[in-house]
Amino acid sequence: MSKQRLTKKELNALSWRYILGSQLNWNYERMMSSGYLYGIMPALKKFYGHDEQQLQDMLQTHNQFFNTNAIFGNLIMGIDVAIEEEDGYKAKDTIVALKTALMGSLAGVGDSLFHVIWGTIFGSLAGTLAQSGSTVGCVIWILANIALLFGRAALLPLGYQQGVKLVTTLKDQLAAFTTAATVLGITVIGALIPSVVKVSVPLVYKHDGVKLIFQDTLDAILPALVPVLLVLLTYWMLGQKKLNSTRVIWIILVLSIGLSALGVLA
């Protein structure tokens with residue numbers, strides 16, 4: 001059993017080490033293992049510094065494959081150090097099982113919350129305000145990322161204090177929160193399409209004194225129909241294996257220039 005206890009200052013230091021180093025030496029063999037090892041290193045030295053063999057063994061253990069959402073990695077490390085502080089070297093197998101079990105489930109939740117929904121909501125609001133010339137958009141984006149950074153730093157001490165029960169008791173709440181945040185993100189995207197995506201059909205049909213404006217007809221069917229169709233096309237292309245975001249951007253640019261030159265879109 002480990003006799004060494006981590007102080008609040010040491011926990012915060014571990015959290016910031018992981019934040020700054022979680023992607024160090026990222027590779028396709030072990031992915032985030034080097035960054036995780038770098039983050040937890042001071043705790044390992046404190047727990048096992050009295051026994052060189054145990055320290056070396058735990059260093060190798062923590063350098064095994066590890067890949068999860070970078071933000072929730074702080075939470076896993078907090079639970080990890082709490083268990084190792086309590087049970088020491090005999091917790092080796094428990095730690096391996098813990099990291100294996102949590103990294104996959106928290107990766108799905110974390111990627112949805114922070115890589116997609118967070119950026120979609122705050123990025124869309126900030127971008128829309130910036131387009132109108134308001135500096136508030138820039139401020140919102142900066143504050144949102146500062147809040148995310150320091151909120152992430154608080155996850156390691158939280159995991160340390162609450163331990164495994166944090167994940168088990170909050171599992172349903174996290175799933176419900178993710179669902180609610182997803183709905184909110186989709187709603188924000190839908191609401192911003194007419195104001196951000198500016199596309200119209202300038203075609204006008206004239207015959208025997210009859211004048212038909214195509215855009216008015218489309219608006220009667222569904223306002224902002226063309227921008228919606230363009231967004232749906234973009235999402236569809238992003239889901240194709242042979243297309244990535246860069247290629248999709250080029251395709252949209254070429255289509256926009258070509259159709260505008262032909263007078264089909266404006």
- Checking side chain to side chain donor-acceptor pair (under 3.5 Å) against Tyr48, which of Gln56, Gln53, Gln54, Glu84 comes through?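 It is Glu84; the other options fail the test.
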Could you tell me which non-hydrogen atom of [X] sits nearest to which non-hydrogen atom of [Y], and how far apart they are?
X      : Y      : result
Asn69  : Leu106 : CB-O, 3.9 Å
Gly137 : Ala126 : O-CB, 3.1 Å
Ile251 : Met237 : CG2-SD, 3.9 Å
Pro42  : Leu14  : CD-CD2, 3.8 Å
Ala70  : Met32  : CA-CE, 4.0 Å
Asn12  : Pro157 : OD1-CG, 3.7 Å

Connected via hydrophobic side-chain network under 4.5 Å: [X] and [Y]:
X      : Y      : result
Val139 : Ile142 : no
Tyr235 : Val199 : yes
Leu6   : Met77  : yes
Leu149 : Leu113 : no
Leu262 : Leu233 : yes

- Any luck finding a side-chain donor-acceptor pair between Glu85 and Tyr160 under 3.5 Å? yes
- Item | Side-chain donor-acceptor pair present, Asp57, Tyr89, cut-off under 3.5 Å |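 The answer is yes; a qualifying pair exists.
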Mind checking whether [X] and [Y] have side chains closer than 4.5 Å, heavy atoms only?
X      : Y      : result
Leu98  : Ile79  : yes
Thr135 : Leu129 : no
Leu238 : Leu243 : no
Leu20  : Tyr38  : no
Val96  : Thr61  : yes
Trp26  : Asn67  : yes
Met31  : Phe66  : no

- Message: Using ring centroids (six-membered ring only for Trp), state whether Phe72 and Phe114 fall under 6.0 Å.
- Response: yes
Interatomic distance, [X] atom [atom1] to [Y] atom [atom2] [nearest 0.5 angstrom]:
X      : Y      : atom1 : atom2 : value
Leu11  : Trp16  : CG    : CH2   : 14.5 Å
Ile40  : Tyr18  : CD1   : OH    : 11.0 Å
Ser200 : Leu225 : OG    : CG    : 12.5 Å
Ile71  : Arg152 : CD1   : CZ    : 6.0 Å
His62  : Met58  : NE2   : CE    : 4.0 Å
Leu230 : Lys198 : CG    : NZ    : 13.5 Å

- Message: Test your reading of the model: is there a side-chain donor-acceptor pair from Asn244 to the backbone of Arg247, 3.5 Å cut-off?
- Response: yes
- Task: Apply the test side chain to side chain contact (heavy atoms under 4.5 Å, CB included) to residues Ile252 and Thr234: give CA-CA distance (whole Å), side-chain angles for both, the deciding distance (0.1 Å), then the verdict.
- Result: CA-CA 8 Å; Ile252 295 297; Thr234 304; 3.8 Å; yes
- side chain to side chain contact (heavy atoms under 4.5 Å, CB included) assessment of Ser34 paired with Asn63: CA-CA 6 Å; Ser34 298; Asn63 201 29; 3.9 Å; yes
- Query: Are Arg5 and Glu10 close enough for a salt bridge, meaning some N to O gap below 4.0 Å?
  - Reply: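 Salt bridge flag = no for Glu10 with Arg5.
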- Query: Given the rule in the side chain to side chain contact (heavy atoms under 4.5 Å, CB included) test, do Lys99 and Ser33 qualify, once you have shown the distances and angles that lead to the verdict?
  - Reply: CA-CA 11 Å; Lys99 291 169 67 177; Ser33 66; over 6 Å; no
- Message: Restricting to side-chain hydrogen bond (donor to acceptor under 3.5 Å, both in side chains), what partner residues turn up for Asp80, sequence neighbours left out?
- Response: Tyr36
- Message: Could you check whether atom CH2 of Trp250 has more than 12 heavy atoms from other residues, nucleotides or ligands sitting under 6.0 Å from it?
- Response: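 No, not enclosed.
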